[in-house]
Amino acid sequence: CDKSIFDRLVITDIHIGMDVNKDGYALYDGRWDEKTLFERLDVLVKHTIKHQQSRRLVIHDLGDYLDGFDGLTTRGGHQLPQNMDNQMMFDVGLKFKVKLVDSLIPYFDQIQFVNICNDNHAGSFGYIVNSAFKAYIELKYQSGIEVINQRKFIDHYLFMNRCFILTHGKDDKSLKFGFKPILDSGQIEKIKNYIDEHRIHQHKIEFSKGDSHQLILDFTSSTSFEYQNFGAFSPPSDWVKTNFKNSISCFTHFNYYENQKSINNYIF
């Protein structure tokens, strides 16, 4: 299987431990527990294998992997309704990523896994889980798998013929209002400044973020880069459902060719 240059899988805002129906009185029904999480993992794996067009895979986890530590976001302030304690979140979070790689590695010669660890929910707790995952999975396979745990708010990676600029969208301490789902002039300037600083103009650039729980892929607002806003793997929290609306959850898979790519979204 070597029809495309590489494949890409993007997951974000998994929010392990989030209780989406506290006490059974949420505005809309929902369930987000270990059983539901691993049911969706099975779907994720099958969808990735079904749409595989290359033996090379890059996986981007764009942050908020865990819902929080001690029931709080990285900034603290208000209590989050959660259905797991810290220890269970650690165990489930580690198990999820190990099973994801174990399920996919027989189909790929090379997997690069980038985990964003600077976000507004998981923060240092997310880094701890991803660090344990990196140590275990790279020791287990020793070749064919590379795990990168991103601690910067924004960082970039060259993979084959693309440059991916990755961020969660909000950081762990400074930004109250992060990157918006719809690109505006201020955000264009900020991203262009990053491109200038790192002198990566010659590459095909894709700027990718999570945080907003909305799947909006903007290919035309800037001629310098694509602006990719990815939807959440988890269902919406009770807070989101009450303050905004019920929303869909999803993940996105890509096949990359020399000048084109195909997009394989999965909507739960």
Side-chain angles (χ1 to χ4, degrees), residues 6-16 44 56-69 73-75 89-90 93-94 96-98 100-101 104 110-139 144-160 162-175 178-179 181 187 190-191 193-200 203-213 225-234 251-254 256:
F6 68 96
D7 291 353
R8 181 190 185 205
L9 176 63
V10 182
I11 52 177
T12 188
D13 294 273
I14 297 182
H15 287 276
I16 292 172
L44 178 72
R56 292 178 288 266
L57 176 68
V58 58
I59 304 174
H60 292 154
D61 170 10
L62 301 181
D64 278 4
Y65 183 53
L66 310 170
D67 193 53
F69 186 77
T73 65
T74 57
R75 295 174 180 84
M89 272 189 252
F90 179 94
L94 181 58
F96 179 95
K97 286 194 171 170
V98 169
L100 175 58
V101 170
L104 291 178
Q110 177 187 5
I111 297 177
Q112 184 190 80
F113 207 134
V114 182
N115 303 298
I116 290 183
C117 304
N118 189 334
D119 53 34
N120 57 311
H121 271 261
S124 297
F125 190 24
Y127 177 81
I128 290 167
V129 173
N130 284 311
S131 183
F133 164 65
K134 174 181 171 67
Y136 173 79
I137 211 70
E138 289 185 344
L139 179 63
I145 177 76
E146 177 190 20
V147 178
I148 300 168
N149 293 327
Q150 177 179 320
R151 296 185 66 185
K152 292 182 179 179
F153 172 50
I154 302 174
D155 211 342
H156 65 278
Y157 307 89
L158 302 178
F159 195 89
M160 306 302 288
R162 302 282 170 145
C163 178
F164 298 104
I165 303 177
L166 305 184
T167 182
H168 175 61
K170 287 196 192 83
D171 73 336
D172 55 1
K173 57 185 177 181
S174 300
L175 283 174
F179 283 96
Q187 292 175 163
K190 185 179 288 188
I191 297 168
N193 181 254
Y194 182 92
I195 293 170
D196 291 341
E197 287 287 328
H198 293 278
R199 299 177 182 177
I200 51 177
H203 301 288
K204 295 178 181 177
I205 297 172
E206 301 184 20
F207 183 95
S208 301
K209 64 172 286 289
D211 181 54
S212 302
H213 294 216
F225 58 89
E226 295 178 9
Y227 190 73
Q228 302 175 340
N229 196 89
F230 289 97
F233 193 78
S234 68
F251 63 88
T252 302
H253 176 274
F254 298 89
Y256 284 83

Approximate separation, where rounding is to 0.5 Å, of [X] [atom1] and [Y] [atom2]:
{"X": "Ile59", "Y": "Leu9", "atom1": "CD1", "atom2": "CG", "answer": "5.5 Å"}
{"X": "Leu166", "Y": "Phe153", "atom1": "CG", "atom2": "CZ", "answer": "12.0 Å"}
{"X": "Leu57", "Y": "Ile145", "atom1": "CG", "atom2": "CD1", "answer": "8.5 Å"}
{"X": "Tyr227", "Y": "Ser208", "atom1": "OH", "atom2": "OG", "answer": "10.0 Å"}
{"X": "Phe133", "Y": "Leu100", "atom1": "CZ", "atom2": "CG", "answer": "7.0 Å"}
{"X": "Phe233", "Y": "Ile16", "atom1": "CZ", "atom2": "CD1", "answer": "9.0 Å"}

Results of ring-ring contact (aromatic ring centres under 6.0 Å, His included) for [X] - residues two or more places apart only:
{"X": "Phe251", "answer": "His47, Tyr266, Phe268"}
{"X": "Phe179", "answer": "Phe207"}
{"X": "Tyr256", "answer": "Phe6, Phe164, Phe254"}

So, do [X] and [Y] sit near enough that their side-chain heavy atoms are less than 4.5 Å apart?
{"X": "Arg151", "Y": "Asn118", "result": "no"}
{"X": "Phe69", "Y": "Ser124", "result": "no"}
{"X": "Ile137", "Y": "Phe113", "result": "no"}
{"X": "His253", "Y": "Asp7", "result": "yes"}
{"X": "Thr12", "Y": "Ile116", "result": "no"}

Output all residues satisfying salt bridge (charged side-chain N to carboxylate O under 4.0 Å, His left out) with [X], sequence neighbours left out; order by chain, then residue number.
{"X": "Glu226", "value": "Lys261"}
{"X": "Lys209", "value": "none"}
{"X": "Asp211", "value": "Lys170"}
{"X": "Asp13", "value": "none"}

So, using side-chain hydrogen bond (donor to acceptor under 3.5 Å, both in side chains) as the criterion, who are the partners of [X] when residues are at least two apart?
{"X": "Ser234", "value": "none"}
{"X": "Asp172", "value": "none"}
{"X": "Glu146", "value": "Gln112"}

Practice task
Let me know which of Arg8, Glu206, Gln228 forms a side-chain hydrogen bond (donor to acceptor under 3.5 Å, both in side chains) with His60.
Solution key: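 With His60 as partner, Arg8, Glu206, Gln228 yield a single side-chain hydrogen bond (donor to acceptor under 3.5 Å, both in side chains), made by Arg8.
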Exercise for the section: Not counting sequence neighbours, which residues clear side-chain contact (heavy atoms from CB on, under 4.5 Å) with Lys204? List them please. Expected result: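 So Lys204 forms a side-chain contact (heavy atoms from CB on, under 4.5 Å) with Arg162, Asn259.
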Practice task
Name all residues meeting the side-chain contact (heavy atoms from CB on, under 4.5 Å) criterion together with Asp155; count only those two or more places apart in sequence or in a different chain, and write none if there are none.
Solution key: Gln150, Lys152, Tyr157, Tyr194
Nearest heavy-atom pair of [X] and [Y]: which atoms, and what distance?
{"X": "Leu44", "Y": "Ile11", "result": "CD1-CG2, 3.9 Å"}
{"X": "Gly68", "Y": "Phe125", "result": "O-CD2, 3.7 Å"}
{"X": "Ile205", "Y": "Ile165", "result": "CG2-CD1, 3.6 Å"}
{"X": "His213", "Y": "Ala232", "result": "ND1-CB, 3.4 Å"}
{"X": "Gly210", "Y": "Asn229", "result": "O-OD1, 4.1 Å"}

Exercise for the section: State whether a side-chain donor-acceptor pair under 3.5 Å links Asn115 with Lys97. Expected result: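 Per modelled atom types, Asn115 and Lys97 side chains form a pair under 3.5 Å.
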Handout entry: His121 and its side-chain contact (heavy atoms from CB on, under 4.5 Å) partner, picked from Ile14, Leu66, Asp67
Key = Asp67
Handout entry: Asn120 vs Thr73, side-chain contact (heavy atoms from CB on, under 4.5 Å): CA-CA, chis, key distance, verdict
Key = CA-CA 6 Å; Asn120 57 311; Thr73 65; 5.6 Å; no
Handout entry: Main-chain N/O of Gly93 paired with Tyr65 side-chain donor or acceptor, under 3.5 Å
Key =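 Yes.
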Problem - Side-chain donor or acceptor of His168 paired with backbone N/O of Leu62 under 3.5 Å - result: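 Yes, because the side chain of His168 sits within donor-acceptor range (under 3.5 Å) of the backbone of Leu62.
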